[in-house]
Protein chains: 2
Amino acid sequence: MSESFTTPNAPAGSSGKRARGVDRVIDLCTQLHRHKAPMTPRELVEATGAPRSSVYELVSILSEAGWLEVDRDGRIFFGRAMHLFGLDYARHNDLISRARSVLRQLAAEFNETSQFCMLEGNKYTVVLDDNGTRPFRISADTGVRIPIPWTASGRVLLGDMTLEAIADFIPAEDFVLPDGREIHREDFFAEIEKARDQGHAITEGLADSFACCLAVPVFDQGGHAHATLCFTIGRDAPETRRDELLDALKQAARTLYGH
Amino acid sequence: MSESFTTPNAPAGSSGKRARGVDRVIDLCTQLHRHKAPMTPRELVEATGAPRSSVYELVSILSEAGWLEVDRDGRIFFGRAMHLFGLDYARHNDLISRARSVLRQLAAEFNETSQFCMLEGNKYTVVLDDNGTRPFRISADTGVRIPIPWTASGRVLLGDMTLEAIADFIPAEDFVLPDGREIHREDFFAEIEKARDQGHAITEGLADSFACCLAVPVFDQGGHAHATLCFTIGRDAPETRRDELLDALKQAARTLYGH
DNA sequence: CTCTTTTGTCCGATATATCGGACACTTGTC
DNA sequence: GACAAGTGTCCGATATATCGGACAAAAGAG
């Protein structure tokens with residue numbers, strides 16, 4: 001079977017004898033990606049240079065995990081899990097890269113600290129921020145995990161959860177503010193409902209006694225508040241300024257809308 | 001979503017001591033998918049229950065392969081490779097599932113053997129077929145790899161390759177028909193050009209002396225002939241019948257167009 | 001500034017995952 | 001029909017990948 005036509009068969013990384021399972025898996029998937037079509041075990045063995053038994057074993061493991069799928073002719077190709085992971089990557093990167101430019105515009109136009117925030121597990125986190133030209137900023141650092149009840153964004157992000165789910169989702173200690181005050185769950189839930197109705201949330205003197213936070217939701221294609229855009233300003237800002245900023249946020253959020 | 005945050009978290013499949021690297025990788029990715037956001041090494045260690053050193057090692061391997069990416073804050077998330085794999089899966093499944101219903105319609109309406117074909121490496125293969133109600137069919141079995149020069153679809157699929165690339169791509173022995181006749185490369189190339197101009201290819205008595213194959217391209221979003229739809233009929237079919245079938249194929253192919 | 005905690009890297013021991021080969025079964029050939 | 005070639009499963013030996021723990025560097029705490 002004079003075979004092996006154009007493919008010189010580079011076993012990717014490893015060429016030694018007893019290779020790491022993970023490396024074999026990487027080789028397998030790389031080959032599938034090159035062929036862009038299902039492959040038989042035989043083809044995978046030849047293409048990767050891996051032992052036959054290893055290929056069968058790994059394919060079996062990966063099939064069970066949904067990473068690969070075996071069709072009724074025994075052909076192997078990527079599975080549903082890969083699709084999900086790929087979507088995670090795409091959604092994450094697309095949203096973040098577009099949010100970055102939106103933030104830049106907001107910060108430049110209004111010269112206030114603007115942020116792009118998401119939930120991370122049961123905490124809130126600033127994913128991106130832009131401080132404009134302000135010498136000092138009122139803002140959390142990016143990536144730091146903050147209790148959800150401390151923030152305006154948190155009230156927006158929990159828009160579609162029930163009181164029960166929220167109580168279950170957020171650790172009890174997160175309802176205690178830095179200064180020791182405690183937020184009552186009923187009040188918190190009422191603010192979430194209000195935020196949903198208004199399309200924005202405002203908090204004052206919560207995490208920081210001088211700060212006022214304005215947050216609006218960024219919806220994903222499912223109408224779910226997947227992230228927020230927000231300004232953090234001083235509490236001395238007049239009503240008109242707040243409205244102006246909220247309008248700008250809402251407009252900016254719409255440009256990130258729908259995926 | 002009953003989430004798990006403080007939860008020690010069931011390490012998916014394995015709970016033993018020394019786990020297989022591949023299983024750990026599956027656990028890692030499963031966690032990332034649940035969180036839908038980058039995670040720190042620490043979080044991954046806690047979430048998966050894997051040893052710290054293992055997580056670092058595996059993340060390093062997977063990062064190098066592009067399966068994961070580490071941002072400048074040390075956070076880990078899915079990488080570009082996952083995106084590519086996911087696209088492979090989606091494209092494959094979407095196209096094939098839609099082709100299946102198209103084939104059913106074609107076979108039902110014209111009562112001829114209809115097929116959906118793609119390249120696989122340097123061979124041609126029937127991915128789907130539908131024989132209508134014909135008692136006997138003239139058709140290759142699905143999944144069998146056939147030399148490209150033996151088929152009408154092959155002439156369509158190679159539409160954008162140069163003579164040189166084709167000569168390089170197809171093994172010399174594939175130019176020899178089952179009956180021993182040899183196809184000259186120049187003739188083959190001319191037929192490819194003709195197929196490209198006409199938007200279809202017809203072959204007679206090539207792989208089978210009684211068969212006539214009608215093939216039209218299914219273009220992907222890049223205008224590339226990624227697959228074909230074809231009928232295999234007897235050579236005795238009159239010209240008008242052939243035209244009728246070709247028109248139906250072209251129309252059907254348009255419904256699969258553009259991804 | 002010192003002390004503590006966390007984070008990332010390195011390395012050797014050993015539990016075990018990988019591999020080769022044998023086996024049964026199917027498929028193709030003459 | 002017999003024979004050859006290919007495919008999928010199983011199992012024990014052993015090369016080695018995984019893991020724990022030690023270490024240095026960085027980050028917090030006071």
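In what follows, chains are A, B, ... by sequence order, proteins preceding strands, each numbered from 1.
Between A/T40 and B/L58, the residue whose closest nucleotide on DNA chain D is further toward the 5' end is A/T40.
Remark: the B/R52 side chain and the C/dG8 base include a donor-acceptor N/O pair separated by less than 3.5 Å. The base of C/dT16 does not come close enough to the side chain of B/R20 for any donor and acceptor atom to sit less than 3.5 Å apart.
In this structure, A/E43 atom CD and D/dG6 atom P are separated by 14 Å, rounded to whole Å. Counting to the nearest Å, the P atom of C/dT7 and the CZ atom of B/R75 are 12 Å from each other. If you take CG of A/D27 and C1' of C/dC19, they are 16 Å apart, rounded to a whole angstrom. Atom pair A/Y56:OH and D/dC10:P shows a separation of 12 Å (rounding to whole Å applied). In this entry the distance linking CZ of A/R18 with P of C/dG21 reads 13 Å, nearest Å. We find that CG of A/D23 is positioned 12 Å from C1' of D/dT16, with the value rounded to whole Å. Following rounding to the nearest Å, A/E57 (CD) and C/dG20 (P) show an atom-to-atom distance of 14 Å.
A donor-acceptor contact under 3.5 angstrom links the side chains of A/E43 and A/T40, judged on distance only.
Between A/F85 and A/W67, the gap from one ring centroid to the other is short of 6.0 Å.
Contact check, A/S54 against C/dT18: no side-chain N or O comes under 4.0 Å of OP1 or OP2. Contact annotation: A/R24 side-chain N/O to C/dC19 OP1/OP2 distance is under 4.0 Å.
Using a cutoff of 4.0 Å between basic side-chain nitrogens and carboxylate oxygens, A/R52 and A/E57 are not scored as salt-bridged.
In this structure, the side chain of B/T228 does not engage the main chain of B/C230 through any donor-acceptor pair within 3.5 Å.
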